[in-house]
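The structure under discussion appears below in the form of structure tokens.
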There are 2 protein chains.
Amino acid sequence: MADTHQRLLDAAQRLFTERGFAKVTVRDITSEAQANLAAVSYHFGDKLGLYESVLEMGLRFALELNESTMLPREGHNAEECLRYYVQHYLPRIIHADTRGWIYQLLKHESADPTPVARRYVQQAIMPRIEYLIGVVRDLFGDGASPDRIGRCVTSIQAQCLFYLPDPFKSMVRPGWQPHTEEEIRDTAEHIAEFSLAGIRAMANLRRGPRVRPR
Amino acid sequence: MADTHQRLLDAAQRLFTERGFAKVTVRDITSEAQANLAAVSYHFGDKLGLYESVLEMGLRFALELNESTMLPREGHNAEECLRYYVQHYLPRIIHADTRGWIYQLLKHESADPTPVARRYVQQAIMPRIEYLIGVVRDLFGDGASPDRIGRCVTSIQAQCLFYLPDPFKSMVRPGWQPHTEEEIRDTAEHIAEFSLAGIRAMANLRRGPRVRPR
DNA sequence: AGTCGATTCATACACTTGTTTGAATCGCAC
DNA sequence: GTGCGATTCAAACAAGTGTATGAATCGACT
């Protein structure tokens with residue numbers, strides 16, 4: 001039959017994405033892939049080996065996608081870059097179950113880490129965060145404290161990641177999640193404008209009267 | 001020996017919080033509680049029954065905590081309420097591993113839901129969201145679309161929840177998380193001011209010139 | 001002391017899990 | 001066709017899981 005190796009990878013990707021590493025059995029995978037139970041041992045050594053291979057696929061995919069969120073800093077001002085970033089990052093967060101399955105998979109990883117995560121973090125996430133830090137630093141104009149910049153980056157990242165598909169959140173407010181292209185665009189616009197306003201406010205705060213909520 | 005029932009609850013709370021329902025065995029719990037393996041069946045029927053009891057404890061706890069985040073709307077303006085909300089909500093998100101363990105437990109629930117979650121959502125989360133919607137609606141002053149209000153509430157909630165302790169995020173930026181009372185207060189202030197600025201911007205946008213990022 | 005219900009205990013059972021095994025089968029070069 | 005390495009297969013294994021069982025122990029009341 002056609003390449004068992006590949007069929008296993010595909011099935012594993014689908015199932016791991018859906019349920020995470022621990023809640024998928026080797027039997028689930030081999031049955032979905034129409035392969036023999038022992039095929040996993042044969043082709044990947046063991047279950048974790050298969051998982052690593054899937055994550056490897058995801059890493060390559062994520063690196064590609066990363067590129068497409070980061071407008072080159074030369075020739076574009078920081079505001080443009082931030083808007084562009086959110087507009088291109090958000091859709092793939094929201095469609096995590098299909099195109100950007102890797103983000104969905106990482107959500108399971110976050111709740112229940114396997115030893116494989118570290119390299120992914122370093123290669124795929126950190127560059128994007130560094131990029132965002134640069135953009136926000138520019139938005140502040142004159143030097144702001146790294147703390148302040150970090151908090152703003154966190155605010156942006158938090159707003160985006162919150163839109164990861166999540167059955168639990170859907171329980172709270174069914175239909176809360178944007179679906180159509182237009183809804184997603186509007187949501188991205190919201191996040192960008194909301195954040196730009198927030199950052200500007202934090203920048204003014206630096207020398208304006210300090211408002212201390214008690 | 002002293003109340004086995006209670007010792008089981010305590011151990012279960014600690015372990016479920018740490019690892020989630022699936023990754024804790026009955027033997028883990030009974031050994032931690034220095035009780036016999038069969039004690040879980042005897043006192044709670046089965047493992048899920050014990051889990052439900054733990055979640056019941058958490059629900060009572062969360063309802064208490066909820067109260068303390070919601071400043072009465074009469075006698076306080078919306079800005080005050082928002083600042084107060086974040087200042088009191090954030091610390092318990094951040095200390096989720098100790099005082100507010102229920103939030104930590106719910107994170108596992110979110111990645112891997114058990115049948116017990118629904119009631120929790122309805123009783124503990126929805127009232128708080130409704131409250132926030134009211135506050136944000138007031139901040140807009142004149143009627144804004146529910147979509148717009150919902151997106152702002154989501155932005156606030158996202159920023160707060162992002163600070164849930166998370167080994168994965170700590171891998172990205174070690175020490176990113178505020179620890180001391182003062183750091184937490186500063187972070188809460190950031191979220192409140194950032195969000196207030198964002199909301200004001202969204203409110204002005206309604207009749208000002210519409211900025212369309214391309 | 002004796003009784004009886006509540007609780008604890010050691011053990012066993014049925015089931016699922018990841019992995020191993022050794023034979024069977026396939027796909028080709030010769 | 002023959003041989004041979006790569007692959008597939010059914011079956012078994014060992015470890016771990018939640019739960020059930022029935023005897024032993026406890027604790028208070030008469």
Side-chain angles (χ1 to χ4, degrees), chain A residues 1-58 105-106 108-109 111-118, chain B residues 1-58 105-106 108-109 111-118:
Chain A
M1 211 189 271
D3 199 357
T4 306
H5 190 92
Q6 191 58 42
R7 288 205 323 283
L8 282 174
L9 271 178
D10 291 347
Q13 178 261 302
R14 206 165 30 242
L15 291 171
F16 283 145
T17 298
E18 196 179 314
R19 304 186 223 154
F21 179 74
K23 302 261 291 181
V24 174
T25 73
V26 177
R27 284 169 176 81
D28 289 340
I29 298 169
T30 53
S31 121
E32 174 112 353
Q34 307 199 41
N36 185 271
L37 174 60
V40 166
S41 293
Y42 180 76
H43 287 281
F44 300 92
D46 56 9
K47 184 187 174 187
L48 191 62
L50 173 54
Y51 185 74
E52 280 175 14
S53 298
V54 169
L55 217 123
E56 192 70 30
M57 270 171 48
L105 201 159
L106 285 180
H108 294 286
E109 193 71 30
D112 184 15
T114 68
V116 195
R118 176 156 258 107
Chain B
M1 210 189 274
D3 200 356
T4 306
H5 190 92
Q6 191 56 43
R7 288 205 323 283
L8 283 174
L9 271 178
D10 291 346
Q13 178 260 302
R14 207 164 30 242
L15 292 171
F16 283 145
T17 298
E18 195 179 313
R19 304 187 222 154
F21 178 74
K23 302 260 291 181
V24 174
T25 73
V26 176
R27 284 168 177 82
D28 289 339
I29 298 169
T30 52
S31 121
E32 174 113 353
Q34 307 198 44
N36 186 272
L37 174 60
V40 167
S41 293
Y42 181 76
H43 287 279
F44 301 93
D46 56 8
K47 184 186 172 188
L48 191 63
L50 173 53
Y51 185 74
E52 279 175 16
S53 299
V54 169
L55 216 123
E56 193 69 31
M57 269 171 50
L105 202 159
L106 284 179
H108 292 287
E109 193 71 30
D112 184 15
T114 67
V116 195
R118 174 157 260 108

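What you see is a predicted model; the values in this text were computed from it and never measured. Labels below follow one simple rule: chain letters A, B, ... track the order of the sequence lines, proteins then strands, and each chain is numbered from 1.
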Euclidean distance, A/I29 CD1 relative to A/Q13 CD, rounded to 0.5 Å: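 If I round to the nearest 0.5 Å, the distance is 11.5 Å.
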Report the distance from atom [atom1] of [X] to atom [atom2] of [N], rounded to the nearest whole Å.
| X | N | atom1 | atom2 | answer |
| --- | --- | --- | --- | --- |
| A/R7 | D/dT8 | CZ | C1' | 11 Å |
| A/D3 | C/dG27 | CG | P | 13 Å |
| A/L8 | C/dG18 | CG | P | 14 Å |
| A/F44 | D/dT8 | CZ | P | 11 Å |

Atom pairs under 3.5 Å, N or O on each side, protein against nucleotides 4-7 of chain C: can you list them with distances?
unit_1	atom_1	unit_2	atom_2	d
C/dT7	OP2	B/Y42	OH	2.8
C/dT7	O5'	B/Y42	OH	3.3

**Asked** So, for A/L55 and A/E109, which heavy atoms are closest and what is the spacing to 0.1 Å?
**Response**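 Here A/L55 and A/E109 meet closest at CD1-OE1, 4.4 Å.
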message: Listing request: all salt bridge (Lys or Arg N to Asp or Glu O under 4.0 Å) pairs with a residue in residues 32-43 of chain B, at least two apart in sequence or in separate chains.
response: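 Checked against salt bridge (Lys or Arg N to Asp or Glu O under 4.0 Å) - neighbours excluded - the pairs reaching residues 32-43 of chain B are B/R14-B/E32.
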query: Can you list every salt bridge (Lys or Arg N to Asp or Glu O under 4.0 Å) pair that touches residues 38-53 of chain B, not counting sequence neighbours?
result: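 Residue pairs passing salt bridge (Lys or Arg N to Asp or Glu O under 4.0 Å), neighbours aside: none found.
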* Taking side chain as C-beta onward, heavy atoms only, is B/N36 less than 4.5 Å from B/T30? ->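 Not in contact.
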Next item on the list: Could you check if a side-chain atom of B/L9 sits within less than 4.5 angstrom of a side-chain atom of B/F44, using non-hydrogen atoms only?
Entry: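 Side chain of B/L9 against side chain of B/F44, heavy atoms only: contact under 4.5 Å found.
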N/O donor to acceptor pairs below 3.5 angstrom from side-chain atoms of residues 18-26 of chain B, sequence neighbours left out:
unit_1	atom_1	unit_2	atom_2	d
B/R19	NH1	B/K23	O	3.4
B/R19	NH1	B/D28	OD2	3.1
B/T25	OG1	B/R27	N	3.4
B/T25	OG1	B/D28	N	2.9
B/T25	OG1	B/D28	OD1	3.3
B/T25	OG1	B/D28	OD2	3.2

Reading nucleotides 12-25 of chain D from 5' to 3' and marking B where a protein heavy atom lies under 4.0 Å of the base, S where only the sugar-phosphate is that close, and - otherwise, the string is B----BBBBB----
| With sequence neighbours excluded, residues passing ring pair (Phe, Tyr, Trp, His ring centres under 6.0 Å) with B/H43 |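 Testing B/H43 for ring pair (Phe, Tyr, Trp, His ring centres under 6.0 Å), a comparison that skips the adjacent residues, returns B/H5.
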